[in-house]
Every structure is written in C-alpha cells, then in structure tokens.
Protein chains: 2
Amino acid sequence: VIYSVIMVGGSGTRLWPASRAGSPKQMMKIADERTLLDTTVRRARAVSGERIILVATAQLAGLIREAMPDLPADALVIEPEGRDTAACVGLAAVHVASRDPDGVMVVMPADHVVGPLDRFAAIAAIAAELADRDRCLVTIGIVPRGPATGYGYIHRGEKLTGKFATDAYRVRRFREKPDRATAELYVASGEYYWNSGIFAWRADVILGEIASHLPEHDARLKRFAAAIGTGAEARVLGEVYGTIPRISIDYGILEKASSVAVVEADFDWDDVGSWSALAAHLPVDASGNAVRGQFLGIEARDCVVDVPEGKLVVGVGIQGLVVVDTGDVLLLIPRSRDQDVKKVVDRLKALGKTEYL
Amino acid sequence: VIYSVIMVGGSGTRLWPASRAGSPKQMMKIADERTLLDTTVRRARAVSGERIILVATAQLAGLIREAMPDLPADALVIEPEGRDTAACVGLAAVHVASRDPDGVMVVMPADHVVGPLDRFAAIAAIAAELADRDRCLVTIGIVPRGPATGYGYIHRGEKLTGKFATDAYRVRRFREKPDRATAELYVASGEYYWNSGIFAWRADVILGEIASHLPEHDARLKRFAAAIGTGAEARVLGEVYGTIPRISIDYGILEKASSVAVVEADFDWDDVGSWSALAAHLPVDASGNAVRGQFLGIEARDCVVDVPEGKLVVGVGIQGLVVVDTGDVLLLIPRSRDQDVKKVVDRLKALGKTEYL
C-alpha cells in the first residue's frame, strides 16, 4: 500500500525575502491562491488518500497544523532538527514500515510547482508499482523543456520491461547542475531527464540501502525503530536524531545504490529555485515584466516585481531587475544573479540581522 | 524696513514620491532634522526678525500652522490657488506696502537648502540695501561651484559703485538652464552666476514694474489693494486671484525690467531639484551610495537610497539607481534620468492614481 511522504524541510533561501525562516517557501503562494504546501498535500492525497506523512521541524509543524487543520492526526512527523534528506527519508521509512511492513513510499518535497494533478498521480502510481515489483529505488525524471542549468539531470540506461503506461529505464548516472553547453548536449541526446527530487521505494528497501551505505544513519534509525510506538519514542528520537550526519538522499544513497530506475514523466514540474523561475508563474506584461502587485513600468523590461497589495512600484528605465518588497525588506538584484540571493542571506546571517531572515 | 517673503508654493514633484501633494518638498527634512520650510523661516528671521510673510495655498497653510505654531499671527498670506510667482510676489507686495509704504521685500522660496545662516543674512541685507537705494530689482547670484545644467544663470554687466561688502552688478541677461558645454563656457568666463531665485526689491517698485509689464496682474492686485484691511478683503481676493494669468516673476518681470542688479553670493545654495541633487545632502558610503535608511549594498555603486526607518534595502549589482520607498510607493529610476520623475507624476495624474500623488 502507498504512503506519500512530504518533506517540508528546505529553507528556500533563494526566494528570500519572500521566503523567510518563519514563513518559508512552502508557505508561499506562487502558481495560484494556494500555498505550495497545500497543493503538495492535494497531490499526495491523489496518490495515497489519507496515508500521508509530512516530515517537518517543530517550528514548521506549528505553522502546518494551523494552516491545514484537516490533516490526519498521525500525518505530522516531527524532526527534532533538520538533518538533510537522507535522515528525513530514513525517519519517514521507519514510520511507514511500522505502519505497514510492505509499505511503498512516494517521497516528494513540499516546495515544487507540479501539475496537472491527474498526470502526476498516474506517474507516481507507476513509480510506486515499479518500486514494489522490482524492489528498486525509483526516481521520477522530467522530460526536459530546454537546457536548464538550474536542475540536476538523470542519464537513463537500458529500458525496463513491463506494461507500464510510461517508459521506465535503469539509471546510468546522476549529473549535477550542468553548464549551458553541457545541458544542451544532454537535451539533444534525448537520454537525460531533469531530476525532480520525487522518488518511490518500499520502506524496507530504502532502510536496507541505508543499512548498506549509511551505517551511522542505520544505527540511529534502528534505535528509534525499537522505540516507535512506545512511551520512549519522542525521547529516543530526540537523543539520536541530532547526531545523524547531514547528507542528502541523492549523495548518500541514490548515487551509490545498484538498482535505481527512472520513470519518464511529462507533467509540468518546477522547483521554483530562483526569482527568475518564479517569474514564469506570474502574469507578464507586454515588456516582459513579470509582476505580482501594482507596477508602472516606463521603458522597463524583463523585470520581476513582487510587492504587497496596495503598494505601487514605478520603475523607469530598469531592465532585468528583480524587485521584491516584503514591507520590512526590499531586495534589488539582477535576474542574471538571482542565484546569489542565497549569499545575501548568508551575509545577513553573518551580520546578525536575524530579524530579516 | 525689511520684510521676508517666503513663497511656499511649488509642488516639488521632482522629489516624488517623498514630496507629495499633502506633504510637499518644503516639508521634507533633507540637510538636517528640520524641514526645509523650518530652516527657511529661520533664515527669514535672521533677515527681518518677525516681519515675515509666508504666501501659501489654503491646503499648505493648514500644514504650516500645525508645523510652526510660533509664527506671528499675520505671517500667513493665503493664496486662493497657486497662480505662479508673479501673482504670488504681487500679492505679497500689496501686503507689505499696506504695512509699510517704504517696505523692502526679500523674496525667497521655501524649498532650498541654504547656508550658513549668517552669510545668507549678510548678503540678503546688502541686496535689500541696494534695492532700497537704487529702487531697482535685485537678484542674488551664486558663484557657480561648477558647470551645473540644472540651474538658470545670470550674466552680469557693469559693476555697481558703492561700499557694499560684496560685489554687485547690473544684470546683462538671464539665461535658461544651459547644456553642459554652454555651462562650461559660462563658468570659465567668470561673468555668470547661478540664479538663486532669491530677490530683493521695494514693494512699491515691484508693484510699479507689475503695472508696467503685467497689466492684468496690476488691475486685479489694485482691486485687492483697495479691499485690504476691510471686511471685503477675503472676498475680493477670492474673486480676482483665480483670474490672474499664470506667469513667473522671472519671465513676467525680471527679463523685461530695465533696472535689474545682481549681488554676488558665496553662501551654499541648492534648490534640491532632483534626487541626484538631494543625494549630495545624504551620507555617502565607500561605494558612492548616498543613503538614508538601512542599505546593504553588494557590488552596488553610486545609488541614492531613501527608505523609512526600520526598512532594509539589499541591492546587489545595481549602479546609479535611485531607490525611494515611502511605504505606499517604491520608485526606481536611474540617477541619469531623475529629471523624468516629473513625467512619472504627470503619468500617474493621467492614470487617475491621485492617491499616490
């Protein structure tokens, strides 16, 4: 039986100052009037009904409960602190395995824009079926819309047999975010997918892979598994979780595991990893300005403007500028440098200006 | 005896959005913690004690009374509406003449940055003395600090005799704002001054000039003069003032009058006619950014930033950009185009967005 696992971690600092410590990217409304988290839960329901697990830190859990009062009572799994995705997946896998030893997990981040719902659900079901049948790790690979340099890529290998409604392949290799020329080669070859960060696997299979490749994770997760459902559960988790090494599921497991597959997906997918990416989800005026709020552009081109309701932005002769106003902060940065927003946040942290983070 | 006449008109739209209809440039704090109007009144007091007349529209008069409760009761002269500076000067002259037939007016706008106080007062006293002695119109000419293209210039003629503490000349000709090359010629010649817009003349002399050159003004001012001090004063002013043609004292009188002098002045003077000009009065960081508020610049150069207290502006890779935030409005415009702010205001007017004006 399938469980959706939603990873609500991730600070989304590249969308600062709209994404903040107290109100992170997952809580932003980007493509429509719902938060990314809300639409992710809707997708999860389409995959697994009420069998949903959200893994979040205590701070976010409070926000989530408030924002989504209709979540099942056992949906929230609290991480004592963020320890990267391998730990997060391991924690979720222990929960799933304790509920159903044959449980299959569909793992998804909470901060992507994905659609349409039915296409996503169909692909997720295929991924889960393949994961269960072959006891392998399944990634969902998005057919590239272009030579994007902001995503990781999956190089596919031999085609898997089976009567799936979409193609599935062995994974030959994972590739880091490429430069432009490399990305063009990838796309031209037809053998590469964008790595969506959405996965499917049996809980017992991923726990076995963790035991093989991440022994420090394994030891701590086993201590927790022994305590789950007992009065000691929270105490043991508090003791072990903070000592788990920080590593992502990609580096820690997927790049090392022997049996990894990719299911080809043609749904719309965007991790909205920058203000330029976010711009694609906003209305665009005749001069290429992507705007949320009130903008009067005079010889202004290709800007991204996101300001609160009621505020008027007048931009004269500006080009390719990101303009984000959150009331207490105004960010001005060229679109071409929008990956540096992360550095801005680091700088503010170093300056001790935590009230703006 | 000397009267200071402060013209509180002028919309200051080139400093929009900080300068607004309900809180115009005169009410801005630029060079220090006092408003421009407040420092202007201080200068006026240094020239003429409590003999001060502020000419303002009814809307501004309310603001002024509130901001400056210690003004003499008869200081405020209300214009039913703004009709440009010839009308404003004429109205003030009627008031001065009614109080003292030999009164000399020192006329100054309320929205300049001028200093130091004692240098200004000394020059103004000389200008008033010359105006009274020679029954001429006296302009105050600022020794140019450079080939500014944003000011009008005064070309001096023959030197006037007399034991004044500064040089005084006949005016040969007034010159409009020049282009850069022309401004350089002016400055190199040593014969040109910046036109400060600060004047001195006897009330009876300027009324005589108005009678000679602006008969429509003259007829209406004479009707008002006949009513001044009677119960009909306000009614008559209301009837005549709105029908006075709009023309400046410069075009209407100074460029036509036969006897115009210029007194050379070496005090600091700036009409703060643009955001770039205002920048000269703000603290400047090592990268040339003139900032009021909290600014974190990363590879940001030569910007002008004016934001409310508590707001953080982060600017990455921006150059020569004016960034003004007033809470409800954010203006972004290159310094090189800051004269276009006026056009922005016109555009907003045309769009009916009066709440932002």
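A note on names: the letters A, B, ... follow the listed sequences, proteins ahead of strands, and every chain is numbered from 1.
Within the 4.5 Å cutoff, no side-chain heavy atoms of B:Leu330 are placed close to those of A:Leu312.
When heavy atoms are compared at a cutoff of 4.5 Å, A:Ile318 approaches chain B solely by way of its side chain, counted from C-beta outward.
For the pair A:Gly317 and B:Pro334, the tightest heavy-atom approach, listed with the atom from each and the gap, is O-CG, 4.1 Å.
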Distance-only donor-acceptor screen, chain B against chain A, under 3.5 angstrom:
unit_1, atom_1, unit_2, atom_2, d
B:Gln294, OE1, A:Lys353, NZ, 2.8
B:Gln294, NE2, A:Tyr356, OH, 3.0
B:Glu299, OE1, A:Arg337, NH1, 3.0
B:Glu299, OE1, A:Arg337, NH2, 3.3
B:Glu299, OE2, A:Arg337, NH2, 3.3
B:Gly310, O, A:Tyr356, OH, 2.8
B:Lys311, NZ, A:Asp325, OD1, 2.7
B:Lys311, NZ, A:Asp325, OD2, 2.9
B:Lys311, NZ, A:Gly327, O, 3.1
B:Leu312, N, A:Asp328, O, 2.9
B:Leu312, O, A:Leu330, N, 2.8
B:Val314, N, A:Leu330, O, 2.8
B:Val314, O, A:Leu332, N, 2.8
B:Val316, N, A:Leu332, O, 2.8
B:Asp325, OD1, A:Lys311, NZ, 2.7
B:Asp325, OD2, A:Lys311, NZ, 2.9
B:Gly327, O, A:Lys311, NZ, 3.2
B:Asp328, O, A:Leu312, N, 2.9
B:Leu330, N, A:Leu312, O, 2.8
B:Leu330, O, A:Val314, N, 2.8
B:Leu332, N, A:Val314, O, 2.8
B:Leu332, O, A:Val316, N, 2.8
B:Arg337, NH1, A:Glu299, OE1, 3.0
B:Arg337, NH2, A:Glu299, OE1, 3.3
B:Arg337, NH2, A:Glu299, OE2, 3.3
B:Lys353, NZ, A:Gln294, OE1, 2.8
B:Tyr356, OH, A:Gln294, NE2, 3.0
B:Tyr356, OH, A:Gly310, O, 2.7

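Per-residue heavy-atom pair counts under 4.5 Å with chain A were compared for B:Val322, B:Val324, B:Leu296, and the maximum is reached by B:Leu296. The residue among A:Leu321, A:Val314, A:Val329, A:Val313 with the most heavy atom pairs within less than 4.5 Å of chain B is A:Val314.
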Fill in: Stepwise side chain to side chain contact (heavy atoms under 4.5 Å, CB included) test for A:Val316 and B:Leu332
CA-CA 6 Å; A:Val316 181; B:Leu332 302 168; over 6 Å; no
